[in-house]
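Here is the structure we will look at, set down as structure tokens.
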Amino acid sequence: MDNAHRAMFRTQVLTQGLFEFDTKEMRKLVDGDHVEERDWLYRLMNGNPELFGVKQRGDKMFASPDYNQSMEQQREITMKRIMYMSKQGTFDGWLTLPAHEIDLKKFALLELCAAFDHSLAIKIGVHFLLWGGAIQFLGTKRHHDKWLEVTEKYLIIGCFAMTELGHGSNVRGIETVTTYDSSTEEFVINTPCESAQKYWIGGAAIHATHTVVFSQLEINGKREGVHAFIAQIRDANGNVCPHVHVADCGNKIGLNGVDNGRIWFHNFRIPRENLLNSVADVSSAGHYISSIKDPDQRFAAFMAPLVSGRVTLGSGAMYSTKVGLGIAIRYSLTRRAFSLATNGPEVLLLDYPSHQRRLLPLLAKTYAYSFASNFLKMLYLKRTPESNKIIHVYSSAFKATLTWHNMTTLQECREAIGGQGLKTENRVGQLRSEFDVQSTFEGDNNVLMQQVSKALLSEFLSAKKRNRPLSRELGLEHMDNSSPVIPSQLTSSILRSTQFQTDILCLREGDLLKRFAEEVSHYQAQGLGKEHTLTVTYQIAEDLGKAFSDLEIFRSFVEVEANVSAGDLKNILGLLRSLYVMITIEENVSFLRYGYLSTANAAAVRKEVAKLCAELRPHALALVSSLGIDDTFLSPLAFNWIEANSWSAV
Ligand SMILES: Cc1cc2nc3c(=O)[nH]c(=O)nc-3n(C[C@H](O)[C@H](O)[C@H](O)COP(=O)(O)OP(=O)(O)OC[C@H]3O[C@@H](n4cnc5c(N)ncnc54)[C@H](O)[C@@H]3O)c2cc1C
């Protein structure tokens, strides 16, 4: 490489800002916890070049799966990586230590796995969080003693069979049926029709030896609703057990390292003890017993294992978003295109205001969403039986918002790096395919958002009926006061104030919740049933779900900032928060639709977005360096891409 090119990579990447903040301190805020353990896992992966695809490109090393391998090869190497990580102690204590000691570490390491490869994270997640979580949350001592340790050591491999061909989001509608035979004290599981075949079950096609089967329980001809059972589907030699049929779901648009499969059961018998019985049990004589009498509450209790999955999907999505932004923003600091004057130097991509507008708001959102995801993990960690409903609302809203953001960001990053985005080596486009599935699994995003609005409505109506204050846990207490008033003329300093930002987001949420309640009551007065009413009011419900999510994400940002003392770090956080709020307002038409902003004020917000982007531009490199992604997980495009593409490197 000639000297001119060398200088290009040295000087442009080191563009200095007006002030400098401590990138290590920022990383601690973004990661939230277990920074050293995350670095330990980076070292573990980078230390096994063959298994983790670590290769030299130019003057740097990069670790990445080879997505050009066949589906079979990708599955095999994913399993090998897991077994290697297991041997190195990565999963020690994941199911046997008390939750408050291990959960955050578990989540931290899963985030790292997601940044390396989604299949790796999902395959581990299915085994530990879905299968293992079902045993933990739905089982009792007899199941914990028998299954948790062997699961943690990978002596068995678990999967989670909930979805069927005919029913996904509507779990209550599943058709697999389990009856009880008191003469042998066994349950008998059956797939009564083709739409009842279990579908998409991660691990079922090849590796899983055991599964949790979700099924309708029928006792003495009476349907007791969905229950969960343990079933061994393969023997120690990997042969499928009698009375079970398994088929492969085949190639997917991404996530081919996970062996998703289909399962049918034909008079498949399991011992009575295999019913996961923390919620309900069947006596040896065949009597159904449950301390939860309300079928709705009983069903909700069976959905508990899905919550931890939702918590980690959001945080894992943020990690792959950071990889995309790390690559695209670093590239935009070294790549030039066109000059603004004849014979003038070509302009760096990130010096174009339009390029800043494409990437920097996504970066600000990623900071905001990372703080929100850390908040959610703490909420989950401190859970009590009473807080389950609240966690369900937050995890649903954040899972949807964060995974949607992940897709938008990866697509924008793929376009921002131009033609290089097509090269699998550059990761961004591939990550987009690998993570696409997140918006529909572990709760379809649209369905989850409906549940958020429903929960807010039910809290609002219940508080009104009982004449009590609105829930602080859901952050609705602001509605007990009069609605905030937005200044008629918004200046830059007002727009950047936390007071204005709080007011506008609260105004929107409060107003939408009241409008939603009014619309629902209007339709009910016309004689429409409760469920039907909720389907025709979907537009306002959709706006409300987003409003709740945006406000709570903003609040988690403010909380992080409050714990940082005055100085450069706080200054940069202030800019990021303001950009997060401005872009949220700019992108959501609801602020104009319902009149929370005048058109003049909406124009002021738009101008502020551009101003904030320009102010953040000098900090772009420091901001992506603080995201906690090891250089090896980026791609040659993020560094010296000329060297990596030189003739000598071919
Ligand atoms: C790669 C992969 C791995 C998976 N792994 C597992 C696994 O290990 N175990 C497991 O049990 N499952 C697994 N799943 C299944 C996954 O959880 C389901 O795909 C998901 O729950 C959605 O169900 P569905 O595909 O039947 O879609 P549906 O629920 O039928 O949804 C289809 C569409 O209808 C919309 N819709 C649904 N209900 C409503 C409504 N009330 N109002 C308006 N619109 C609605 C949805 O928004 C969606 O756009 C996996 C799926 C994939 C693709």
Side-chain angles (χ1 to χ4, degrees), residues 71 74-75 78 114 117-134 138 157-176 191 194-208 210-215 226 228-229 231 233 246 248-263 302-303 305-310 312-313 316 396 399-400 403-404 407 433-454 530-539 541-542 545:
M71 178 181 80
Q74 289 188 50
R75 289 170 171 186
T78 303
D117 174 34
H118 200 209
S119 288
L120 181 68
I122 292 303
K123 187 106 175 146
I124 296 169
V126 167
H127 179 72
F128 280 103
L129 303 184
L130 292 181
W131 154 264
L138 306 181
I157 298 179
C159 65
F160 184 85
M162 181 181 267
T163 304
E164 296 175 357
L165 178 60
H167 292 89
S169 303
N170 179 17
V171 178
R172 281 181 107 156
I174 59 171
E175 297 169 284
T176 302
T191 304
E194 283 300 353
S195 56
Q197 65 181 272
K198 294 293 177 186
Y199 213 98
W200 291 125
I201 311 308
I206 299 181
H207 296 125
H210 292 72
T211 187
V212 175
V213 187
F214 286 82
S215 159
V226 174
F229 304 84
I233 54 171
V246 171
D248 201 318
C249 288
N251 270 296
K252 305 186 286 287
I253 60 168
L255 211 69
N256 280 310
V258 179
D259 51 316
N260 292 97
R262 305 151 61 187
I263 315 176
F302 275 112
M303 296 302 106
L306 289 176
V307 176
S308 62
R310 235 169 256 153
T312 55
L313 274 194
S396 301
K399 184 262 180 185
T403 57
W404 273 328
M407 278 298 98
S433 303
E434 294 297 320
F435 279 79
D436 189 330
V437 64
Q438 295 174 119
S439 53
T440 47
F441 76 5
E442 306 234 9
D444 171 83
N445 284 357
N446 285 291
V447 174
L448 288 179
M449 277 306 210
Q450 284 173 6
Q451 291 179 11
V452 171
S453 326
K454 248 196 230 180
K530 191 176 156 204
E531 287 307 317
H532 196 168
T533 305
L534 292 172
T535 63
V536 289
T537 51
Y538 75 95
Q539 286 178 319
E542 214 174 277

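When a residue number appears, it is its place in the shown sequence, counting from 1. Atoms within a ligand are numbered from 1 in the order they appear, just like the ligands themselves.
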> Going by distance only, is there an N or O of Phe160 that falls short of 3.5 Å from an N or O of ligand 1?
Replying inline: yes
> Is the closest N or O pair between Gln450 and ligand 1 shorter than 3.5 Å?
Replying inline: yes
>> Please list, in number order, the atoms of ligand 1 under 4.0 Å from a heavy atom of Ile201.
In response: 7 (C), 8 (O), 9 (N), 10 (C), 11 (O)
> How far is atom 37 (C) of ligand 1 from its nearest protein heavy atom, and which residue and atom name does that atom have?
Replying inline: Val447 CG2, 3.7 Å
> After noting the C-alpha distance and the side-chain angles of His167 and Phe214, does the key distance pass the side-chain contact (heavy atoms from CB on, under 4.5 Å) rule?
Replying inline: CA-CA 12 Å; His167 292 89; Phe214 286 82; over 6 Å; no
> Just by distance, do the side chain of Ser215 and the backbone of Thr176 share a donor-acceptor pair under 3.5 Å?
Replying inline: yes
> Which of the atoms in ligand 1, numbered in the order shown and given with their element, are less than 4.0 Å from a heavy-atom of Met162?
Replying inline: 11 (O)
>> Using only atom types and a distance under 3.5 Å, with no angle test, would you say the side chain of His210 pairs donor to acceptor with the backbone of Gly158?
In response: no
> Val213 and Ala231: which non-hydrogen atoms are nearest, and at how many Å?
Replying inline: CG2-CB, 3.9 Å
> Nearest to atom 27 (O) of ligand 1, what protein heavy atom do you find, and at what distance?
Replying inline: Ser169 OG, 4.4 Å
> Hey, looking at atom 23 (O) of ligand 1, which of Gly168, Ala204, Gly202, Gly309 has the closest heavy atom?
Replying inline: Gly168
> Checking Glu164 side chain against Glu175 main chain: does a donor-acceptor pair fall under 3.5 Å?
Replying inline: yes
> At a 4.0 Å threshold, what atoms of ligand 1 neighbour a non-hydrogen atom of Asn446?
Replying inline: 47 (O)
> Say you draw a straight line from CD1 of Ile253 to CG of Asp436; how long is it, rounded to the nearest 0.5 Å?
Replying inline: 4.0 Å
> Side-chain contact, heavy-atom cut-off 4.5 Å: Lys530 with Lys454?
Replying inline: no
> Of the protein's non-hydrogen atoms, which lies at the shortest distance from atom 3 (C) of ligand 1, and what is that distance?
Replying inline: Asn260 ND2, 3.2 Å
>> So for ligand 1, is Thr163 a polar contact partner (N or O within less than 3.5 Å, distance only)?
In response: yes
> Does the protein put a heavy atom less than 4.0 Å from atom 33 (C) of ligand 1?
Replying inline: no
>> Suppose we measure from atom 20 (C) of ligand 1 to each protein heavy atom; which comes out shortest, and what is that distance?
In response: Thr440 O, 3.2 Å
>> For atom 49 (O) of ligand 1, which of the options Val258, Asp436, Asp444, Leu255 provides the nearest non-hydrogen atom?
In response: Asp444
> With only distance considered, is Lys252 within less than 3.5 Å of ligand 1 through an N or O on each side?
Replying inline: no
> Considering only protein heavy atoms, which is closest to atom 19 (O) of ligand 1, and at what distance to one decimal place?
Replying inline: Trp200 CD1, 4.2 Å
> How close do Phe435 and Gly316 get, heavy atom to heavy atom, and via which atoms?
Replying inline: CE2-O, 4.2 Å
> Does a side-chain heavy-atom distance below 4.5 Å link Glu434 with Ser119?
Replying inline: yes
> What protein heavy atom is closest to atom 53 (C) of ligand 1, reported as residue, atom name and distance in Å?
Replying inline: Val437 CG2, 3.6 Å
> What atoms of ligand 1 come within less than 4.0 Å of a heavy atom belonging to Phe441?
Replying inline: 2 (C), 3 (C), 4 (C), 16 (C), 17 (O)
> N/O of Leu130 under 3.5 Å from N/O of ligand 1, yes or no?
Replying inline: no
> Is there side-chain contact between Arg75 and Asp248, with at least one heavy-atom pair below 4.5 Å?
Replying inline: yes
